[in-house]
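I have placed the structure first, in the form of structure tokens, so that the comments after it can refer back to it.
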Amino acid sequence: MTDQDAHRVTRLLQELDEGQPGAADRLAPLVYEELHVLAVHAMRREHEGHTLQPTALLHEAFFRLVGQQDAAWQNRSHFYGIAASAMRRILVDHARRRRAVKRDGGIRVTLEDHAAVSEAGSEQALDVIALDDALRRLGELDPRQAHVVELRFFAGLEVEETARVLGISPATVKRDWTFARAFLRRELDAVPPDV
């Protein structure tokens, strides 16, 4: 995305926030590709044969985002940060519905990315619902760390991108990421495997 496109997205987000007619229609083609990348990244952690596809995830997240009242979009980075959070909520809601229907103990995903691999070097399989519960507990203790996890794990943002979205230094992102991963591992290790 060019700088001109980025500024245009920010302007359209402001128009959307002001309730100007057609703002969402003008915004959609500008953010579609980047939202699709976020959706593909989020879906990579889901099991094969998942009934929700990246395009459907993108569309549902976009409609939730543009339908928000009083969103007060700050800029395009803020928008993508909220988009990552919306995609997380959609996937967790989907997993909860599936668990309720199948009573299968939840959907397993891998807490991975460049840095989310356990100290032993193996990937830790976990339940997306248990992860959401642990992330909610982390958010009560340290909201910024929880947001770092959302952006890094669910949106797939790199350290520098996460720092830009949150308006903090890359060193702070790295520190938050390290502490947040340790907290989540501890919380998830305490969850019985068949919950």
Side-chain angles (χ1 to χ4, degrees), residues 1-46 50-97 113-114 128 131-132 135-136 138-140 142-174 176-177 180:
M1 178 174 279
T2 67
D3 285 343
Q4 183 179 3
D5 287 339
H7 291 298
R8 188 168 174 218
V9 167
T10 299
R11 190 180 76 248
L12 286 170
L13 287 168
Q14 290 168 346
E15 289 178 13
L16 182 65
D17 197 36
E18 295 167 0
Q20 292 189 19
D25 294 334
R26 293 189 302 276
L27 178 66
L30 290 174
V31 298
Y32 185 88
E33 288 303 317
E34 287 184 83
L35 287 177
H36 193 265
V37 168
L38 289 179
V40 167
H41 185 82
M43 293 300 299
R44 256 189 264 162
R45 291 178 176 81
E46 297 297 324
H50 197 286
T51 58
L52 192 60
Q53 297 300 312
T55 303
L57 177 60
L58 175 162
H59 289 166
E60 188 168 341
F62 183 77
F63 288 119
R64 284 187 185 188
L65 293 169
V66 299
Q68 289 185 18
Q69 300 295 323
D70 303 319
W73 304 110
Q74 298 166 9
N75 53 38
R76 72 181 265 286
S77 294
H78 180 243
F79 176 77
Y80 291 119
I82 300 299
S85 181
M87 288 182 190
R88 171 182 154 230
R89 293 282 359 125
I90 292 164
L91 289 172
V92 168
D93 290 347
H94 186 272
R96 287 186 196 283
R97 282 191 305 273
D113 114 339
H114 346 277
V128 71
L131 174 60
D132 182 62
L135 193 54
R136 208 168 320 132
L138 175 62
E140 292 169 2
D142 193 316
R144 189 182 68 209
Q145 284 183 10
H147 207 105
V148 165
V149 172
E150 280 185 340
L151 295 172
R152 302 264 354 258
F153 181 71
F154 289 97
L157 298 185
E158 298 294 331
V159 169
E160 293 75 19
E161 296 169 306
T162 302
R164 251 191 324 276
V165 169
L166 296 177
I168 58 179
S169 73
T172 300
V173 170
K174 289 177 187 175
D176 284 353
W177 180 238

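Not measured: the values here are computed from a predicted model.
The aromatic rings of His59 and Tyr32 lie tilted to each other, with the angle between the two planes from 30° to 60°.
Each of His94, Glu150, Arg64 was compared with Arg89 under the side chain to side chain contact (heavy atoms under 4.5 Å, CB included) criterion, and only Arg64 meets it. Paired with Val66 under the rule side chain to side chain contact (heavy atoms under 4.5 Å, CB included), one option of Val31, Leu16, Asp25 passes, and it is Leu16. Results of the side chain to side chain contact (heavy atoms under 4.5 Å, CB included) test with Arg76 over Val9, Leu12, Leu27, Val165 single out Val9 as the only residue that passes.
Atom CZ in Arg164 sits 13.5 Å away from atom OG in Ser169 (nearest 0.5 Å). In this structure, NE2 in His41 is found 12.0 Å from CG in Leu57, a value given to the nearest 0.5 Å. The line from CG of Leu38 to CZ of Arg88 is 14.5 Å long, rounded to the nearest 0.5 Å. The line from CZ of Arg136 to CG of Leu131 is 10.5 Å long, rounded to the nearest 0.5 Å. Taking CG of Leu135 as the reference point, atom CD of Glu140 lies at 10.5 Å (rounded to 0.5 Å). Within the model, atoms OG1 of Thr10 and CZ of Arg8 stand 12.0 Å from one another, a figure rounded to the nearest 0.5 Å.
Nearest heavy-atom pair, Asp176 versus Arg144, reported as atom, atom and distance to 0.1 Å: OD2-NE, 2.5 Å. Considering every non-hydrogen atom in both Ala86 and Ala61, the closest pair reads CB-CB, 4.3 Å. Residues Pro170 and Ala163 approach most closely at N-CB, 3.7 Å, considering heavy atoms. Shown here for Ala24 and Phe62, the closest heavy-atom pair between the two residues is O-CZ, 3.7 Å.
For Gln4, the CD atom is loosely surrounded, since the number of other residues' heavy atoms within 6.0 Å does not exceed 12.
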query = Can Glu15 and Arg11 be said to form a salt bridge (charged side-chain N to carboxylate O under 4.0 Å, His left out), step by step?
reply = CA-CA 6 Å; Glu15 289 178 13; Arg11 190 180 76 248; 3.7 Å; yes

request  = Show your working on side chain to side chain contact (heavy atoms under 4.5 Å, CB included) between Arg152 and Val173 and close with a plain yes or no.
outcome  = CA-CA 10 Å; Arg152 302 264 354 258; Val173 170; 4.2 Å; yes

inquiry  = Would Val159 and Trp177 count as a side chain to side chain contact (heavy atoms under 4.5 Å, CB included) here? Give the steps.
reply    = CA-CA 9 Å; Val159 169; Trp177 180 238; 5.9 Å; no

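Looking only at side-chain heavy atoms (C-beta outward), Tyr80 and Leu157 stay at 4.5 Å or farther from each other.
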